[in-house]
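Structure first, then comments.
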2 protein chains.
Amino acid sequence: MTIAEEDYLKVILKLELAQEELHARVTTNQVAEVIQTKPSSVTDMLKRLKEKSLVDYIKYKGIKLTGAGRKQALCLIRRHRLWETFLVEKLGLSWKTVHPVAEQLEHVHSDELLERLDEFLGHPAFDPHGEPIPNGEGKLPGCDGELMTTVKAGKNYTFMGIKEPTDTLLSYLDKIKLNIGSIFHVQDVEAYNGSVELEMGGKVCFLTYDVANKLVVKVNEKHENKN
Amino acid sequence: MTIAEEDYLKVILKLELAQEELHARVTTNQVAEVIQTKPSSVTDMLKRLKEKSLVDYIKYKGIKLTGAGRKQALCLIRRHRLWETFLVEKLGLSWKTVHPVAEQLEHVHSDELLERLDEFLGHPAFDPHGEPIPNGEGKLPGCDGELMTTVKAGKNYTFMGIKEPTDTLLSYLDKIKLNIGSIFHVQDVEAYNGSVELEMGGKVCFLTYDVANKLVVKVNEKHENKN
DNA sequence: AATTATTTTTAGATTAATCTAAATTTATTT
DNA sequence: AAATAAATTTAGATTAATCTAAAAATAATT
Ligand SMILES: [Mn+2]
Ligand SMILES: [Mn+2]
Ligand SMILES: [Mn+2]
Ligand SMILES: [Mn+2]
């Protein structure tokens, strides 16, 4: 697998997941747009990926990953997000700067390295941008989490991840010190507009419905009786 | 800088340093041998590197790195050895397995990453194979160290690095638990054959002249009066 | 349904990195 | 000093990855 091939597979998977209409095929131009290349270059690469049975590509009809292609893509996303976690958690780089570095590190091939890194980081479920890290079997975590808009007043939760992370949202969360892993208590959910009032380490903060609707949380059974 | 270009520069530097006759030019075949490629491929690459002023290459006469080329090569060696140190010290991989992984990691470009990694590792001077790690300015450490054959009985030393590391030597040192950074006391130096007797953590061990002659050590002033 | 616009593919070129086979230069022996 | 051997370079091909310009297929409008 070359670096370019891996990058194409990753982009195709991300486009499949982001697709409006489910099961719609990814198009040549979509890929070209994301990879920042010409559609003709994409066509060339698709032929090669088809040859290797990594994509199901039909001329003029679009692309879909095969099982093998999906597996490769998930592995690459896993490597990317584990490295980002390492760079932020261990080396103290900012989440704003780690992406291009992880974009290179993700292409280092070593199963043992990946296992040890995962262990070293404590098997994280989310990267510093709040994006879920696929596990060794390629399963995405956080499917058992709920959005903060479904939260109940009086209960305790852990902040797990972010649905569609954007730089502005991440900066906002930085500012109000709501970090992944934070445990908080829901004081109130305003019925009128869905805004959420929560308490965290003694401090109170308010989130609008739109923000709460991007945050993945999990009920914290252990802290349930904290009130 | 492509990965191939970087690898060539690194190999050329290593050949220059290992050269018997000082100032002799590195040859096309030497490079081909190490890179495991054909001499004609080396010639092609040398033309490209010359074009970029990274090597001083004269047809049929051999190669020498320019200042810029040497700087690049030292930077690559620095990255390689810092990553090897990380893999062994932090992730717990064996020094026997880290080389091919570092061979990939060394090509990740990020000045900030490199600085932070160096800091995270505590600015190590030697990698897990006992090879010196060039500092940010490309200077090699350990030039102030001495070989263990020049050691004096009754003094304390720190084991700094290895002159020409081989797998068998490293395995031997592993076995007798003589690790880089170890502090030891020289009990005796046998005048007859130059073998060294040293004490380390209560245990005594003997080294032949040939082994001692590969080990770089530094007098440990602070422990001088330990006797 | 015909025309126009958009998307996608093909054809032909380019660059880095490699190879094989042949030619050339340098080194070593007779 | 020739002749032979070894090292090195050139010539010509190949593959991955990209590009531009032109052709073909599909989609959207009149
Ligand atoms: Mn990438
Ligand atoms: Mn991320
Ligand atoms: Mn390398
Ligand atoms: Mn090493």
Side-chain angles (χ1 to χ4, degrees), chain A residues 1-12 15-16 18-21 23-65 69 72-73 76 103-104 106-107 109, chain B residues 1-12 15-16 18-21 23-65 69 72-73 76 103-104 106-107 109:
Chain A
M1 284 281 281
T2 68
I3 292 176
E5 286 173 347
E6 289 187 332
D7 281 336
Y8 271 90
L9 291 178
K10 191 174 68 168
V11 165
I12 295 168
L15 285 169
E16 278 187 0
Q19 210 74 271
E20 292 287 307
E21 320 153 37
H23 298 298
R25 275 170 176 271
V26 171
T27 71
T28 303
N29 273 8
Q30 282 180 305
V31 175
E33 164 76 38
V34 179
I35 304 249
Q36 290 279 59
T37 187
K38 301 293 165 188
S40 56
S41 303
V42 175
T43 303
D44 280 354
M45 179 59 91
L46 291 176
K47 286 178 187 166
R48 258 172 282 151
L49 291 174
K50 185 183 182 174
E51 204 57 45
K52 298 188 176 187
S53 300
L54 293 165
V55 299
D56 164 12
Y57 162 57
I58 308 172
K59 252 201 211 182
Y60 293 107
K61 298 296 179 188
I63 321 144
K64 244 187 70 176
L65 288 178
Q72 285 289 331
L76 191 67
E103 205 59 43
Q104 301 176 63
E106 68 188 1
H107 300 290
H109 294 109
Chain B
M1 284 282 279
T2 69
I3 291 176
E5 285 173 347
E6 289 187 331
D7 281 336
Y8 272 88
L9 290 179
K10 190 175 67 168
V11 165
I12 295 168
L15 286 169
E16 279 187 0
Q19 210 73 270
E20 291 287 307
E21 318 153 38
H23 299 297
R25 277 172 175 270
V26 171
T27 71
T28 303
N29 274 8
Q30 281 181 306
V31 175
E33 165 76 37
V34 180
I35 304 251
Q36 290 278 60
T37 188
K38 301 293 164 187
S40 56
S41 304
V42 176
T43 303
D44 280 355
M45 178 59 91
L46 291 177
K47 287 178 186 166
R48 258 172 282 151
L49 292 174
K50 185 183 181 174
E51 203 57 43
K52 298 189 178 188
S53 301
L54 293 165
V55 299
D56 163 12
Y57 162 58
I58 307 172
K59 255 202 208 182
Y60 294 106
K61 298 295 178 188
I63 321 143
K64 244 189 68 178
L65 288 178
Q72 284 290 330
L76 192 67
E103 205 57 43
Q104 301 176 63
E106 69 188 1
H107 300 290
H109 294 109

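No experiment lies behind these values; they were computed from the predicted model shown. So you know, we letter chains A, B, ... as the sequences are listed, proteins then strands, and number each from 1.
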From B:Leu54 CG over to B:Met45 CE, what is the distance, rounded to the nearest 0.5 angstrom?
-> 10.5 Å

Partner residues of A:Val11 under the side chain to side chain contact (heavy atoms under 4.5 Å, CB included) criterion, sequence neighbours left out = A:Leu15, A:Val31, A:Val34, A:Ile35

Chain B vs DNA chain D, heavy-atom contacts under 4.0 Å, first-to-last nucleotide span, 5' to 3', is D:dA7 to D:dT10

Starting from the first five and the last five pairs of the helix from C:dA1-D:dT30 to C:dT30-D:dA1, work out the angle between the resulting helix axes, to 10 degrees.
-> 10°

Starting from the C-alpha separation in whole Å, work towards a yes-or-no answer on side chain to side chain contact (heavy atoms under 4.5 Å, CB included) for A:Ile58 and A:Lys64.
-> CA-CA 9 Å; A:Ile58 308 172; A:Lys64 244 187 70 176; over 6 Å; no

Only one of A:Thr43, A:Val42, A:Asp44 clears side chain to side chain contact (heavy atoms under 4.5 Å, CB included) with A:Leu46; which?
-> A:Val42

Over all heavy atoms of both residues, which pair between A:Pro39 and A:Thr28 is shortest? Give the atoms and the distance, please.
-> O-CG2, 3.6 Å

Rounded distance [0.5 Å steps], CD in B:Glu21 versus NE2 in B:His23 = 11.5 Å

Write down the distance between OH (A:Tyr60) and P (C:dT8), rounded to a whole number of angstrom.
-> 10 Å

Is the phosphate of C:dT10, meaning OP1 or OP2, less than 4.0 Å from a side-chain N or O of A:Lys47?
-> yes

Any pair with a residue in residues 30-40 of chain B that passes salt bridge (charged side-chain N to carboxylate O under 4.0 Å, His left out), sequence neighbours left out, goes on the list, sorted by first then second residue, please.
-> none

Listed by chain and number, what are the side chain to side chain contact (heavy atoms under 4.5 Å, CB included) partners of B:Glu6, not counting sequence neighbours?
-> B:Met1, B:Leu76, B:Arg79, B:His107, B:His109

Apply side chain to side chain contact (heavy atoms under 4.5 Å, CB included) to B:Ile3 and B:Gln104, showing your working.
-> CA-CA 9 Å; B:Ile3 291 176; B:Gln104 301 176 63; over 6 Å; no

Which ones in residues 48-55 of chain A lie close to DNA chain C, meaning a heavy atom under 4.0 Å from one of its atoms?
-> none

All heavy atoms of B:Leu9 vs all of B:Ala73, minimum pair found to be O-CB, 3.6 Å

List in numerical order all residues of residues 34-42 of chain A for which some heavy atom is under 4.0 Å away from an atom belonging to DNA chain D.
-> A:Thr37, A:Lys38, A:Ser40, A:Ser41

For residues 48-61 of chain B, pull every pair meeting salt bridge (charged side-chain N to carboxylate O under 4.0 Å, His left out), keeping only residues two or more places apart or in separate chains.
-> B:Glu5-B:Lys52, B:Arg25-B:Asp56

Report the C-alpha separation of A:Asp7 and A:Glu103 in whole Å, then their side-chain angles, then the decisive distance to 0.1 Å, and conclude whether the side chain to side chain contact (heavy atoms under 4.5 Å, CB included) test is met.
-> CA-CA 9 Å; A:Asp7 281 336; A:Glu103 205 59 43; 3.6 Å; yes

Yes or no on side chain to side chain contact (heavy atoms under 4.5 Å, CB included) for A:Tyr8 and A:Thr37, after CA distance, side-chain angles and deciding distance?
-> CA-CA 11 Å; A:Tyr8 271 90; A:Thr37 187; 3.7 Å; yes

